[in-house]
Amino acid sequence: MRTFAELYIDGAWRPPTGTGIIEVYSASTEEAIGAVPAGTAADVDRAVDAACRAFAGGWGRTTPGERAAWLDGLAAALKARVPEVARTIAEEVGSPISMATSVQAGSPVAIAHDFADLARGYAWEEPVGHSLVAREPYGVVAAITPWNYPLHQILAKVAPALAAGCSVVLKPSEIAPLNAGLLAEACLEVGLPPGVLNIVHGTGPVVGEALASHPAVDMVSFTGSLRAGRRVATLAADTVKKVTLELGGKSAFVVLDDAPLDRAVPAGVKNAMLNSGQTCSAWTRMVVPRSRRDDVVAIAERTLAALPLGDPLDPATRLGPLISEPQRTRVEGFIRKGLEEGARVAIGGRRPAAFPRGHYVEPTVFVDVSPAMAIAQEEIFGPVIAVLTYETEDEAVAIANGTIYGLAGGVWSADPERALRVARRIRAGQVDVNGARFNPRAPFGGYKQSGVGREFGVHGLEEFLQVKAIAR
Ligand code: NAD
């Protein structure tokens, strides 16, 4: 059991104002594994007040070099906690420990270092004619984050915000909050100045909405569902806050007719199944030439057979459970809906009999899917791939672009130039060609209803900066 009884506010653990508790459960054993306080609007007031004092009291005027040094210190403290963070996230999210170690716990360390480097190398001022154009911190930032890559998402906001000179009030996901407690411990260990980062646990409607509407918050950086993102943007509009939104996706992987299927299909399946499909940028629609469909399904089946489903704490496991029962109910609801609408399950589709406990769902591949079906339009957020077929390249692009989302995508062709040409036509913020590696310095974010703004790299830093022109 890992219980955090207090909130990290103004540089110390503080008792919450309310008495509510949020219990945290293991995704695989369903047992209670910890708890955090359920924060209130009064806790938000205290945290925002501390962030305002920190910002005005000097943090906003520190040099980029000083802020970079704090971020490097934080990265080192997180690095020392990699095994603990990985185990915590393997339990609360259900991510397999191998991936929890490399991605869930490893990425936050890399992100903190990366923004330290960016702060050191960034052109904070530049002359434009007789004006000096200066980049200044936006101010007090509210960061609201989801559960699927919990600490990665937190650092994607906190690291650039601190690099920019902003102070932050973070509301982590109430479903996977324990990792944020470990971040607070890291902040205490390095002695981050009071109020620079504050963490208020709680639910979206209570703590999230209090932050999104707080008059002293200058900017809201939100990652989560489209539904909650809309609500946050609406609340923030009243006080004209800057809002960035990293929302859902229904990303397409376009397999062109000359693609080597034995390389493309495994890459696409592994992408879609990462974190049991609970990945915003997952390629959940596989768009394949009609004549190759059966070959695609056969290769997908072989690929899935080599991804063992199991206990997240077992190093051999590649697919864990879903995070919670509501999440499994949602995914199973989509599987039912797919069948009702006339699609056919080619692989999986059930609860695996071997796991009576834990929120497991078999990795599932649908065929006979038409672009209008719910399973081809809506974000399922589980291990479900919809295979859609096309006759022409134009049709493939139209299918890829045919949802309200535009977060990510992939293209594969034997001809890299052709793949690039098609990648340019996909209306999404991040597209990979021929299985290219993830680039943590490249901007990440959505077109259309996948969001507003970008995270990571210099674009991610600039979201937290105001631009001031001083004519001389
Ligand atoms: P969610 O929207 O339920 O919750 C996200 C956060 O918003 C949580 O901290 C939650 O408490 C808070 N929240 C909920 N209602 C709120 C409200 N009314 N006001 C203020 N805050 C509120 O999302 P989730 O289930 O935690 O995460 C899954 C979603 O996140 C998926 O849609 C996924 O695609 C998306 N996501 C997007 C990205 C990205 O970078 N684009 C990354 C990860 C996850």
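Whatever order the structure lists them in is the order used to number ligands and atoms, beginning at 1.
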Once rounded to the nearest 0.5 Å, what's the spacing between atom CD of Gln278 and atom CD1 of Ile323? 6.5 Å
Indicate, with yes or no, if the rings of Phe456 and His152 have centres closer together than 6.0 Å. yes
Contact set, ligand 1, heavy-atom distance under 4.0 Å, ordered by chain/number, equals Ile144, Thr145, Pro146, Trp147, Asn148, Gln153, Lys171, Pro172, Ser173, Glu174, Gly204, Gly208, Glu209, Phe222, Thr223, Gly224, Ser225, Arg227, Ala228, Arg231, Val232, Glu246, Leu247, Gly248, Cys280, Glu379, Phe381, Leu407, Phe444
Within the 4.5 Å heavy-atom criterion, are Arg14 and Arg46 side-chain neighbours or not? yes
Specify whether Tyr8 and Trp13 have parallel, tilted or perpendicular ring planes, treating 30° as the upper limit for parallel and 60° as the lower limit for perpendicular. perpendicular
Is there a side-chain contact between Val361 and Ile335 in this structure, where contact means two heavy atoms from C-beta onward sitting under 4.5 Å apart? yes
List the atom pairs, with distances to 0.1 Å, where a side-chain N or O of residues 378-389 and a protein N or O form a donor-acceptor pair under 3.5 Å, not counting sequence neighbours.
unit_1: Glu379; atom_1: OE2; unit_2: Gly249; atom_2: N; d: 3.0
unit_1: Thr389; atom_1: OG1; unit_2: Arg290; atom_2: NE; d: 3.1

